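One structure is given here, and the rest of the page talks about it.
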Amino acid sequence: MGALEAYAWEWGSALIRWLHVTAAIAWIGGSFFFMHLDASLRKRAGGDPAIAGTAWQVHGGGFYQMSKYTLAPAAPPEELVWHKWQSYWTWMSGFTLLCWVYYGQSQLFLIDPAVMPLAPWQAAAIGAAALALGWLVYDFLCRSPLGANEPLLGVVGLGYVVAMAWAFTLVFSGRGALIHTGALMATIMTGNVFFVIMPNQRKSLAALVAGKTPDPKWAKTSKTRSTHNNYITLPVLFMMLSNHYPVAFANPKVIPAIVICVIVTGALVRYFYNRWHADHATAPWWAWAVAAAAMICAFVIATTASPGMRALMGLAELPTVVVRADAPEAPPDAVDVVQLRCMMCHAAEPMDWIGEAPKGVLLDTPEHIARFAPAVAMQAVLTHAMPPNNFSGITDEERAVLARWLKLDVAQK
Ligand code: HEC
């Protein structure tokens, strides 16, 4: 891989992520705002009977009075702001990022030959198909008789997501499994906007334009799906950030358990706030205690199950590592450099204070080093980000050895 190509991948990743995070902030901000607004609406005496409630707010120096119609105004308003592009852009940029990082560079991040030696196209096809299936099954569950029983739907929905997380661990790396679990839940969220909420809003508006009363069922279904999105938001954010934390995915066997803990915590925190915004006096403070307990569980499970900790506790040998049969090997002089300057951190059993190999990047054997070649090029030759602050004292000559192996034309002193 040429240096320019490596930079282009990395820079592209930075730009897509920038867009993705920005769009997600706009979407989640809007969603939290409207959940809060709905909870804080109060019926005022002597007001317009068509108004369900109003709320006063102050922001940026201005006072706002917001009113919500029980169903709809008598006639369609002249101007109407729709909230949909924040959601669509979040999904489109997120899916692009998934393709860019995980499908475009799947050898690095998605495919773990020890789990399943997939070809890159197979990994991408499984990932994309799972997202589509994720939406179809969720939507089916909501429309089935189960949909009428919210708590039961919640439990079945949780079981479904956890089962998918488990299935992902059977085909992908731990990191890939968690990001796909997050992407699956996020796809459900945008699916709700695209396939349910927006069509319902269009029907309501068309009814108003035709001088008819919109069917209350449309508004109710939309609100239910919007509330689902609200409860899914915090767990999704954790899954999206998890790929920076190998402690969360070091042992794929416990990923389903961690997913349960994260969903319980995230949903309970939203539950607390939704109730709190409606009425401070009856806010369910117990939700914080259960959420904290779930996070402690996640910590204990993840830590005691991680390969490094199990080896420390004498519970297990370090797992044997399976390498692709066709894996290239790094030449001996490059291996020497990496083992001397990188392996203290990037090994299955790194230095004490590292815990797990950072970002799951193992640089212990010639095969592993070869597998992470593009990442080594980016971190140690092109950007000098690694070793961090040159912790291990790598020399320019040693970087030049890596550059020669990686065929990077960088100026060498
Ligand atoms: C002192 C410990 C330490 C040493 C030594 C070290 N690394 Fe790292 N490495 C880290 C940490 C910590 C991270 C995670 C950084 C982050 O989260 O942004 C990391 C991340 C990485 C990544 C993943 C970057 C990403 O964003 O995906 C690669 C690749 C990497 N290191 C390669 C190397 C190479 C090559 C060397 C030797 C030349 C090396 N590291 C030496 C601690 C170390």
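This structure is a prediction, so every number in the text was calculated from the model and none was measured. Ligands are counted one by one from 1 in listed order, and the atoms in each one are counted from 1 as well.
Given atom 23 (C) of ligand 1, the protein heavy atom at minimum distance is Val361 CG2, 3.8 Å. Here the heavy atom of the protein found nearest to atom 20 (C) of ligand 1 is Met386 CE, 3.4 Å.
Side-chain contact between Lys68 and Asp38 is present, with heavy atoms from C-beta onward closer than 4.5 Å. Within the 4.5 Å cutoff, no side-chain heavy atoms of Met35 are placed close to those of Phe32. Residues Pro284 and Tyr271 form a side-chain contact, since some pair of their non-hydrogen atoms from C-beta on lies under 4.5 Å apart. Between Leu98 and Ile179, some side-chain heavy-atom pair lies under the 4.5 Å cut-off. Residues Asn243 and Tyr102 have side chains in contact (heavy-atom distance under 4.5 Å, counting atoms from C-beta outward).
Residue contact annotation: Val376 has a non-hydrogen atom under 4.0 Å from ligand 1. Within the 4.0 Å heavy-atom cutoff, His244 does not count among the residues contacting ligand 1.
Aromatic pair Phe34/His83: centroids less than 6.0 angstrom apart.
Where the criterion is an N or O separation shorter than 3.5 Å, residue side chain and backbone included, Lys359 meets it with respect to ligand 1.
Taking only non-hydrogen atoms, the option from Met344, His346, Glu10 nearest to atom 21 (C) of ligand 1 is His346. Residue Cys342 holds the heavy atom nearest to atom 35 (C) of ligand 1 of all those in Ala373, Cys342, Ala357. The residue from Pro350, Pro374, Pro387, Cys345 that puts a heavy atom closest to atom 1 (C) of ligand 1 is Cys345.
Within the 3.5 Å criterion, the main-chain N or O of Thr90 finds a donor-acceptor partner in the side chain of His20.
Taking every heavy atom of Pro358 and a limit of under 4.0 angstrom, the matching atoms of ligand 1 come to 9 (N), 10 (C), 11 (C), 12 (C), 13 (C), 14 (C), 19 (C), 42 (C). Close contacts of ligand 1 with Leu363, meaning ligand atoms under 4.0 Å from a residue heavy atom, involve 32 (C), 33 (C), 34 (C), 35 (C). Ligand 1 places these atoms under 4.0 Å from at least one heavy atom of Ala375: 29 (C).
Distances from atom 8 (Fe) of ligand 1 show that Gln379 has no N/O/S atom below 2.8 Å.
Look at Lys220 and Asp215 and you find no salt bridge, because none of the NZ, NE, NH1 or NH2 atoms lies under 4.0 Å from a carboxylate O.
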